[in-house]
Amino acid sequence: MDDSFSFEGFYEGAKKAAYKAMDDHARGEYDEFALHAGVAIERLAKAILYKLNPLYIASGKVNFGANNKVRVHTITAVEALTRLSSLNILKVDADLKLLIEQRNGTVHASVGDEAKIHIPTLAKAVAPMLKHLDVSMHAFWGRWTSAVNVAVDRQRSEIERDVQLRIKQARHRLDDRLEGLPLPKEIRLRPKMSGFSFFFGAGNPDADGDIVSVTGGAGCPACGREAQVTVGPSSDKGTVAVALTCPWCQLHLNGPEEIEASDADLDISLEVAEAALDGDYD
């Protein structure tokens with residue numbers, strides 16, 4: 001019989017697919033995210049049903065392959081979720097149905113743009129299933145636990161949730177890039193730059209004043225490394241950060257609202273920028 005036809009097989013398969021889904025989303029591969037998110041939900045649902053009774057996931061089809069190896073066909077993702085719903089373990093809402101349709105390829109529109117917003121859908125589907133299994137969030141999600149918690153935190157605004165999720169994704173993306181590289185500890189953890197550099201650019205044609213981009217300090221809210229911060233004039237605040245780019249973790253923030261939501265400490269960068277705009281520099 002297929003070795004994956006067990007509680008452990010379904011559960012570990014769900015966990016692996018969930019990690020892949022989060023990694024896909026962090027890389028902007030939203031079609032792949034939809035695929036792996038759907039697989040994670042389906043396999044976790046089947047893990048529960050199998051634990052309740054192995055017959056709950058059998059479709060009734062059996063094939064005999066090479067060497068008389070038995071292959072048992074299981075029910076579809078839709079049927080698995082329907083059965084969990086009937087058991088009051090999981091509520092299947094419209095967002096979850098859409099994510100499963102995207103995974104199955106039954107939605108033929110631009111899946112990428114549609115799937116981008118479905119990390120909360122994935123997280124909210126997994127949570128009650130983990131509760132039923134008496135498994136902690138961290139035991140299942142590992143390094144993605146805090147990102148998943150942010151995605152479903154309704155105490156935050158939509159911008160805050162989006163920015164904080166991108167910060168956590170950028171941090172993990174850098175960890176993956178640095179893994180295995182023969183770098184000194186001080187470079188791997190947080191390299192330091194000596195001083196700041198800056199350059200001027202043209203501002204918005206509809207606004208007064210120039211803009212200046214400052215690089216240096218520890219301005220990146222994701223990895224703590226030096227970031228390029230673009231500062232421009234503001235009618236009510238003097239100068240304000242309007243963009244932030246980190247060359248290390250590749251975090252990009254656009255506009256004062258996203259930067260404010262990131263909780264980035266840009267006091268020194270703003271001070272340098274203001275001095276540069278005022279011509280008060282050596």
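FYI, side chains are in, hydrogens and waters are out, and symmetry mates aren't considered; it's all heavy atoms of this structure.
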- Task: Look at the side chain of E79 and the backbone N and O of T76, then say whether any donor-acceptor pair between them is shorter than 3.5 Å.
- Result: no

- Query: Do other residues, nucleotides or ligands put more than 12 heavy atoms under 6.0 Å from the NE2 atom of H138?
  - Reply: no

- Tell me, do P221 and D263 make a side-chain contact under 4.5 Å, heavy atoms counted? no

- Counting only heavy atoms not in E12, do more than 12 sit closer than 6.0 Å to its CD atom? yes

- With sequence neighbours left out, which residue pairs that include part of residues 117-131 fulfil the side chain to side chain donor-acceptor pair (under 3.5 Å) condition? H118-T121

- Query: Can you tell if the side chain of F140 reaches within under 4.5 Å of the side chain of L133, non-hydrogen atoms only?
  - Reply: no

Enumerate, atom names and distances included, each donor-acceptor pair closer than 3.5 Å involving a side-chain atom of residues 33-43, sequence neighbours excluded.
residue: H36; atom: ND1; partner: D24; partner atom: OD2; Å: 2.6
residue: H36; atom: ND1; partner: E32; partner atom: O; Å: 3.3
residue: E42; atom: OE1; partner: R103; partner atom: NH1; Å: 2.5
residue: E42; atom: OE1; partner: R103; partner atom: NH2; Å: 3.0
residue: E42; atom: OE2; partner: K46; partner atom: NZ; Å: 2.7

- When you look at CG of N53, are more than 12 heavy atoms from neighbouring residues, nucleotides or ligands closer to it than 6.0 Å? yes

- Less than 4.5 Å apart, any side-chain heavy atom of I259 and any of V240? no

- F10 vs I48 side-chain heavy atoms within contact, under 4.5 Å: no

- Message: If you apply the rule salt bridge (Lys or Arg N to Asp or Glu O under 4.0 Å), what do you find for D175 with R171, and how did you get there?
- Response: CA-CA 6 Å; D175 289 342; R171 189 176 299 148; over 6 Å; no

- Message: For R161, is there any backbone N or O sitting under 3.5 Å from a side-chain donor or acceptor partner on R156?
- Response: no

- Item | Heavy-atom side-chain proximity of T145 to V148 below 4.5 angstrom | no

- Backbone N/O of R143 and side chain of H172: donor-acceptor pair under 3.5 Å: yes

- Message: Taking V152 as the starting point, is it possible to reach V126 by hopping between hydrophobic residues whose side chains are less than 4.5 Å apart?
- Response: no

- Item | Non-hydrogen side-chain atoms of W248 and R173 separated by less than 4.5 Å | no

- Query: Are I167 and V150 connected in a single hydrophobic cluster, I mean Ile/Leu/Val/Met/Phe/Trp/Tyr linked by side-chain heavy atoms less than 4.5 Å apart?
  - Reply: no

- Message: Quick one, T230 and T245 - any side-chain contact, counting heavy atoms below 4.5 Å?
- Response: no

- Query: For N254, does its backbone N or O pair with a side-chain atom of E258 as donor and acceptor, under 3.5 Å?
  - Reply: yes

- Query: Between V78 and Y56, is there a shared hydrophobic cluster once you connect ILVMFWY residues whose side-chain heavy atoms come closer than 4.5 Å?
  - Reply: yes

- Task: State, with a plain yes or no, whether a side-chain heavy atom of K15 is found less than 4.5 Å away from one of V135.
- Result: no

- Shortest non-hydrogen contact from D93 toward L96: OD1-N, 2.9 Å

